[in-house]
Amino acid sequence: MRRRRPKLAVWKFASCDGCQLALLDCEDELLALADAIEIARFPEASRAAVKGPYDLSLVEGSITTPEEAQRIQQVRRVSRVLVTIGACATAGGIQALRNFADVKAFIALVYAQPRYIDSLARSTPIADHVRVDFELRGCPVSRHQLLEVIGAFLAGRKPQTPASSVCLECKRRGTVCVMVARGTPCLGPVTQAGCGAICPAYDRGCYGCFGPMETPNAAALGGRCAELGLSRAALVRVFRTFNAGAEAFRQESEAHERPHDQG
Amino acid sequence: MPAQFVLSRAAFVELLAALRAQGYRLMGPTVRDGAIVYDELSGVDDLPIGWTDEQDGGTYRLTRRDDAALFGYTVGPHSWKQVFHPPAVKLWRAVRDERGLRLEAEPLPAAKTALIGARACDLHAIAIQDTTFLHGPVVDRRYEAARRDTFVVAIQCGQAARTCFCASMGTGPRASAGFDLALTEVLDERGHRFVGEAGTPAGEAVLARLPHRPAAPEDLEAAAQRHDAALAQMGRRLDAGGVRELLQENLDHPRWDEVASRCLACGNCTMVCPTCFCTATSDRGDLAGREAERWQTWDSCFTMDFSYVHGGSVRRSTKSRYRQWLTHKLSTWFDQFGRSGCVGCGRCITWCPVGIDLTEEVRAIRETPSRPGPAAEPSHGHP
Ligand code: SF4
Ligand code: SF4
């Protein structure tokens with residue numbers, strides 16, 4: 001007898017949809033996936049939605065409006081296991097740049113009718129609002145890791161998504177360190193592995209898409225990047241991208257921010 | 001000392017061809033991505049001809065030489081553990097179907113490998129990994145198979161990097177064992193040639209089929225000059241005398257906190273170290289629960305997972321992890337394997353993104369020991 005397939009739901013908050021697309025991108029595994037789990041709600045793929053509750057919810061995006069802050073509570077209520085996917089959902093995303101600025105001033109500058117805009121002053125990760133069972137990093141998440149998380153959920157085990165540095169991935173694939181051999185500033189030593197160390201393999205420094213690794217020493221890396229020639233303004237920017245709101249990166253970007261010293 | 005011989009550059013090319021003809025895959029230095037790495041060679045042209053390296057804490061640069069030396073550089077980011085103890089290995093696979101559950105072991109590696117251009121420190125590192133994988137209570141059959149048929153063409157260093165300190169560790173710069181052939185590359189007015197010796201009957205057999213001549217006193221003199229140059233250029237020094245006790249007696253030294261403030265816990269030092277051997281084992285399964293694979297991958301004592309036991313990681317602070325690494329390498333390795341775990345290759349200094357230098361760390365502790373440490377002895381073989 002065929003066992004009941006667990007129900008999967010995908011939810012979107014403030015985000016670009018790139019992480020959800022990682023799921024659609026699982027072409028080779030999509031049939032096996034649909035076989036193992038009922039894709040009950042996935043607006044990016046199909047308008048048809050099966051009613052909740054859901055066994056596994058994948059939540060993409062950050063909380064940026066009062067409406068989203070309410071909706072995430074509902075999502076939590078109808079989800080047995082809630083997994084956040086991507087930098088927006090786990091750290092606030094690129095839109096967390098607003099956390100360092102005056103949102104009201106932006107709105108007044110951009111919109112002719114600011115009163116129609118109902119936006120929170122900060123972009124925050126899902127875990128600031130509801131209990132999250134597992135956070136999957138990345139901007140976007142890796143297809144491979146997403147399948148690992150779903151596979152682990154189905155098997156009732158812990159997902160294997162190591163929180164160690166990108167450096168370990170570089171070294172295992174034999175990539176020559178761009179920071180040591182070229183003097184290219186790189187966030188790899190403070191960034192969590194998971195992407196497969198793509199950028200250094202193409203001679204670029206890591207941009208930190210997967211957010212801070214388990215024990216980030218961003219201050220020491222920032223100091224080294226300054227020695228390699230990054231200005232203070234540049235240091236603020238490198239730590240202030242998709243994971244700007246993640247604690248270790250936020251602190252490091254703020255440490256280099258001085259109103260009268262733009263490096 | 002066995003009779004020394006001279007091979008011309010052309011005869012060296014023949015040596016590579018002869019080894020290939022005997023079924024060896026040639027592994028050796030080659031230029032890739034701004035560094036000299038170890039990879040499979042198809043012949044002499046794959047070698048870093050006319051290149052050299054400049055190294056220091058946290059920095060490595062390839063530069064041009066003003067000659068066409070084949071081996072005019074020191075060690076790079078790779079080591080031979082890439083070959084014998086690869087970064088990721090599938091151990092076995094499990095399949096579940098109508099017939100039940102089956103385990104399929106991965107075949108053991110069967111390649112005959114010739115190492116072209118292994119250095120003295122490398123040979124000591126290989127001997128250390130042999131002890132770890134072959135001479136302990138459990139033999140690693142995969143390592144054993146990869147190592148079984150190895151031919152070693154050692155190159156005697158004719159220069160040293162600013163990060164080298166093999167002389168302090170008693171592992172170089174001159175290789176005295178662990179090779180089939182050991183060659184010193186010489187380029188002077190008498191020509192581009194290799195002055196060498198055979199270390200094994202296998203080395204003698206290969207040599208016998210190559211054009212060569214006995215070394216003349218001038219050849220030996222030229223080779224000795226290269227060895228002296230390497231010794232004189234040795235850029236770092238580690239006072240190894242009593243370091244085993246020194247570290248044990250200084251586990252609470254304030255220097256550990258200081259180094260932890262600089263250390264990124266990135267693990268690069270452990271990945272590049274030719275003697276670090278730790279691995280993690282993990283299973284990968286498919287969504288349907290029909291297939292699973294067990295993989296072994298290089299791991300590092302700098303990760304939190306490494307010391308994770310029920311309830312959490314034992315070594316939570318970077319301080320405790322750096323201390324674990326250094327004390328294992330230089331101190332408790334003696335308890336475990338009867339010698340130091342460091343061969344003085346300097347890789348961990350160069351490839352540390354922030355240039356943390358173990359020779360400096362030891363010096364700092366020695367200069368202000370928490371407890372009076374053993375008196376420093378002059379380090380082995382250093383001028
Ligand atoms: S500890 Fe450093 S210098 Fe010693 S063998 Fe390892 S990488 Fe080389
Ligand atoms: S010593 Fe250097 S390479 Fe090793 S973990 Fe610390 S920062 Fe990384």
Side-chain angles (χ1 to χ4, degrees), chain A residues 26 29-37 144 147-148 150-155 157 160 162-191 193 200-203 213-221 223-225 227-228, chain B residues 31-39 53 55-62 76-78 82 86-88 260-272 280 282-290 292 297-300 302-306 313 316-318 321 350-356:
Chain A
C26 298
E29 298 88 358
L30 217 47
L31 285 178
L33 185 68
D35 215 33
I37 202 162
H144 180 81
L147 285 170
E148 164 62 16
I150 297 172
F153 166 80
L154 290 169
R157 63 171 170 82
Q160 293 175 38
S164 44
S165 71
V166 171
C167 301
L168 298 188
E169 294 194 301
C170 265
K171 288 292 181 289
R172 288 193 198 107
R173 64 184 280 181
T175 302
V176 174
C177 178
V178 296
M179 186 135 82
V180 171
R182 306 222 191 256
T184 305
C186 175
L187 290 190
V190 296
T191 299
Y202 291 92
D203 256 345
M213 49 86 94
E214 53 193 2
T215 54
N217 188 345
L221 184 72
R224 179 63 183 147
C225 290
E227 285 171 17
L228 291 175
Chain B
V31 171
R32 195 215 298 155
D33 301 336
I36 294 168
V37 299
Y38 292 148
D39 207 340
D53 51 34
Q55 306 192 35
D56 212 333
T59 150
Y60 178 104
R61 291 292 181 277
L62 268 187
H78 290 178
Q82 244 97 3
S261 72
R262 289 177 284 133
C263 176
L264 307 167
C266 59
N268 278 299
C269 47
T270 56
M271 298 284 114
V272 297
S282 57
D283 293 343
R284 305 175 186 172
D286 70 347
L287 288 167
R290 283 192 205 102
T297 46
W298 283 359
D299 199 7
S300 170
F302 280 90
T303 74
M304 292 289 269
D305 277 353
F306 186 86
S313 294
R316 303 191 65 79
S317 66
T318 297
R321 280 174 275 150
T350 298
W351 299 97
C352 171
V354 291
I356 290 173

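Order of the sequence lines fixes the chain letters, A, B, ..., with proteins taken first and strands second; residue numbering starts at 1 for each chain.
- Contact annotation for B/S300: only side-chain heavy atoms (C-beta onward) come within less than 4.5 Å of a heavy atom of chain A.
- The candidate with the highest count of non-hydrogen atom pairs below 4.5 Å against chain A, out of B/S282, B/G58, B/S261, is B/G58.
- Neither the backbone nor the side chain of B/Y38 comes within contact range of chain A; no heavy atom of the residue lies under 4.5 Å from a heavy atom of that chain.
- No side-chain donor-acceptor contact under 3.5 Å links A/R172 to the backbone of B/A88.
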Is there a side-chain contact (heavy atoms from CB on, under 4.5 Å) between B/M304 and A/T215? Walk through the geometry before answering.
CA-CA 8 Å; B/M304 292 289 269; A/T215 54; 4.0 Å; yes

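- Heavy-atom pairs under 4.5 Å with chain B were tallied for A/R224, A/E148, A/R157; the largest tally goes to A/R224.
- Considering all non-hydrogen atoms of both residues, A/N217 and B/L264 come closest at O-CD2, 3.6 Å.
- With hydrogens and angles ignored, the 3.5 Å screen pairs no side-chain donor or acceptor of A/R182 with any backbone N or O of B/R61.
- With a 4.5 angstrom heavy-atom cutoff, B/Q55 does not touch chain A via any of its atoms.
- The part of B/A260 that comes within reach of chain A is its backbone (N, CA, C, O), which places non-hydrogen atoms under 4.5 angstrom from that chain.
- Proximity to chain A (any heavy atom under 4.5 Å) is shown, for B/R284, by neither the backbone nor the side chain.
- The two residues A/A181 and B/G34 make their nearest non-hydrogen contact at CB-O, 3.9 Å.
- When heavy atoms are compared at a cutoff of 4.5 Å, A/A155 does not approach chain B at all.
- Taking both residues in full, the closest heavy atoms of A/Q160 and B/D283 are given as NE2-O, 3.0 Å, listed atom of the first, atom of the second, then distance.
- The CG atom of B/L287 sits 11.5 Å away from atom CG of A/L31, with the distance rounded to the nearest 0.5 Å.
- Heavy-atom minimum distance, B/A35 versus A/V176: CB-CG1, 3.6 Å.
- Across A/A218, A/C177, A/G183, A/P189, the residue that shares the most heavy-atom pairs under 4.5 angstrom with chain B is A/P189.
- The line from NZ of A/K171 to OG1 of B/T270 is 9.5 Å long, rounded to the nearest 0.5 Å.
- In plain terms, the two heavy atoms of B/H78 and A/G174 that are nearest each other are NE2-O, 3.2 Å.
- Heavy-atom distances place the side chain of B/V37, and not its backbone, under 4.5 Å from chain A.
- One distance of note links CD of A/E227 with OG1 of B/T59; it measures 11.5 Å at 0.5 Å rounding.
- Between B/D33 and A/Y202, the closest side-chain pair of non-hydrogen atoms is not below 4.5 Å.
- More than 12 heavy atoms of other residues, nucleotides or ligands shown are found within 6.0 angstrom of CZ on A/R173.
- Contact between A/V180 and B/P353 at its shortest, heavy atoms only, is CG2-CA, 4.2 Å.
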